[in-house]
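First comes the structure, then the notes that go with it.
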Amino acid sequence: AQSVSQHNHHVILSEAASLELGCNYSYGGTVNLFWYVQYPGQHLQLLLKYFSGDPLVKGIKGFEAEFIKSKFSFNLRKPSVQWSDTAEYFCAVRGGFKTIFGAGTRLFVKA
Amino acid sequence: EAGVTQSPTHLIKTRGQQATLRCSPISGHTSVYWYQQALGLGLQFLLWYDEGEERNRGNFPPRFSGRQFPNYSSELNVNALELEDSALYLCASSWGGLAGGLSPDTQYFGPGTRLTVL
């Protein structure tokens, strides 16, 4: 069965620290991969997506993610976080016609 | 371009009642998805409609149902409400692409309907 695992439920960082949020999935076939962000009081927004090609994907607001097929991973990174990055981050995997979301990671950035 | 819209913003019901939630997709999108976001549980997939047909269903009881109208808007109905149905219900839309045999494109989300069951 298809599943998505986000390793960290809560992350606290200081401004300017580097960020890496883990995402692993299980699915036997071709996948499309997404990271969504939900800022406080706002709706889910797409950060970035991977469909094919270069496994290093750049998204909005300085975020990037790397698809490592052999590890079934799609980790989200940002070299230097800002207070405004405080939000909940969701990894999502689409295999076939079904999209599964991870449980989410709450990031709090201290000013 | 208008995004996905949902109504109402908030809905308060009592146990045993029925709730109806509505969603209008982005213009041109034919697929509508419904998710339940309960506290601490992430997004749980409920239903997917494309071109008026139910295409996939998550692990929810039959009292969760819905439909998609010819204009691609959608309605989620929850019958016999239980306390644990209290959650944020999110609707997303995408270009369906099923007719061409392609997997649906990126999902874009609405602001959600906060359902509270007392």
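Numbers restart at 1 for each chain; the letters A, B, ... are given by sequence-line order, proteins then strands.
A side-chain contact (heavy atoms from CB on, under 4.5 Å) with A:Glu64 is found for one member of A:Leu56, A:Leu47, A:Val57 and no other, namely A:Leu56. Tested against B:Thr116 for a side-chain contact (heavy atoms from CB on, under 4.5 Å), the candidates B:Ile12, B:Leu81, B:Leu11 yield a single pass: B:Ile12. The side-chain hydrogen bond (donor to acceptor under 3.5 Å, both in side chains) with A:Asn24 is formed by just one residue from the set A:Gln6, A:Lys71, A:His7; it is A:His7.
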Begin with the C-alpha distance, continue with both residues' side-chain angles, and end with the deciding distance and a verdict on side chain to side chain donor-acceptor pair (under 3.5 Å) for B:Ser31 and B:Trp95. CA-CA 6 Å; B:Ser31 274; B:Trp95 175 71; over 6 Å; no
What do the steps show when you test B:Tyr35 against B:Phe109 for ring-ring contact (aromatic ring centres under 6.0 Å, His included), and what is the final call? CA-CA 10 Å; B:Tyr35 294 88; B:Phe109 284 80; 5.6 Å; yes
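Residue B:Gln107 touches chain A through both its backbone and its side chain, counting heavy-atom pairs closer than 4.5 Å. For A:Gln38, the part lying near chain B is the side chain, with the backbone staying farther off; criterion is any non-hydrogen pair under 4.5 Å. With a 4.5 Å cut-off on non-hydrogen atoms, A:Leu46 touches chain B through its side chain but not through its backbone.
Proximity to chain B at a heavy-atom threshold of 4.5 Å picks out A:Gly102, A:Ala103 from residues 102-111 of chain A, in numerical order. Below 4.5 Å, heavy atoms of chain A meet heavy atoms from B:Leu88, B:Leu90, all part of residues 82-92 of chain B. Residue-level contacts of residues 8-21 of chain A with chain B do not occur; threshold 4.5 Å between heavy atoms. Residues of residues 66-75 of chain B lying under 4.5 angstrom from chain A, judged on non-hydrogen atoms, do not exist.
Interatomic distance, CZ of A:Phe34 versus CZ of A:Phe90, reported as 15.5 Å (0.5 Å rounding). Note that CG of B:Asn77 is 11.0 Å distant from CZ of B:Phe64, once rounded to the nearest 0.5 Å. To the nearest 0.5 Å, atom OG of residue A:Ser3 and atom CZ of residue A:Phe72 are 11.0 Å apart. In this structure, CG on A:Leu76 lies 8.5 Å from SG on A:Cys91, to the nearest 0.5 angstrom.
The side-chain heavy atoms of A:Pro55 and A:Ile68, taken from C-beta on, include no pair separated by under 4.5 Å. The side-chain heavy atoms of B:Trp34 and B:Leu21, taken from C-beta on, include a pair separated by under 4.5 Å.
Residue B:Asn59 places its CG atom among 12 or fewer non-hydrogen atoms of other residues, nucleotides or ligands, all under 6.0 Å distant. Around CD1 of A:Ile60, the count of heavy atoms belonging to other residues, nucleotides or ligands within 6.0 Å exceeds 12. For B:Arg15, the CZ atom is loosely surrounded, since the number of other residues' heavy atoms within 6.0 Å does not exceed 12.
A:Lys49 forms a cation-pi arrangement with A:Phe51, by the criterion of a distance under 6.0 Å to the ring centre and an angle within 45° of the ring axis.
Put simply, of B:Val4, B:Asn56, B:Leu43, the one with the most heavy-atom pairs under 4.5 Å next to chain A is B:Leu43.
Between A:Tyr36 and A:Phe101, the ring-plane angle classifies as tilted under the 30° and 60° cut-offs.
Side-chain rings of B:Tyr108 and B:Tyr33 stay apart, their centers remaining 6.0 Å or farther from each other.
Here the side chain of B:Gln17 pairs a donor or acceptor atom with the backbone of B:Thr14 at under 3.5 angstrom.
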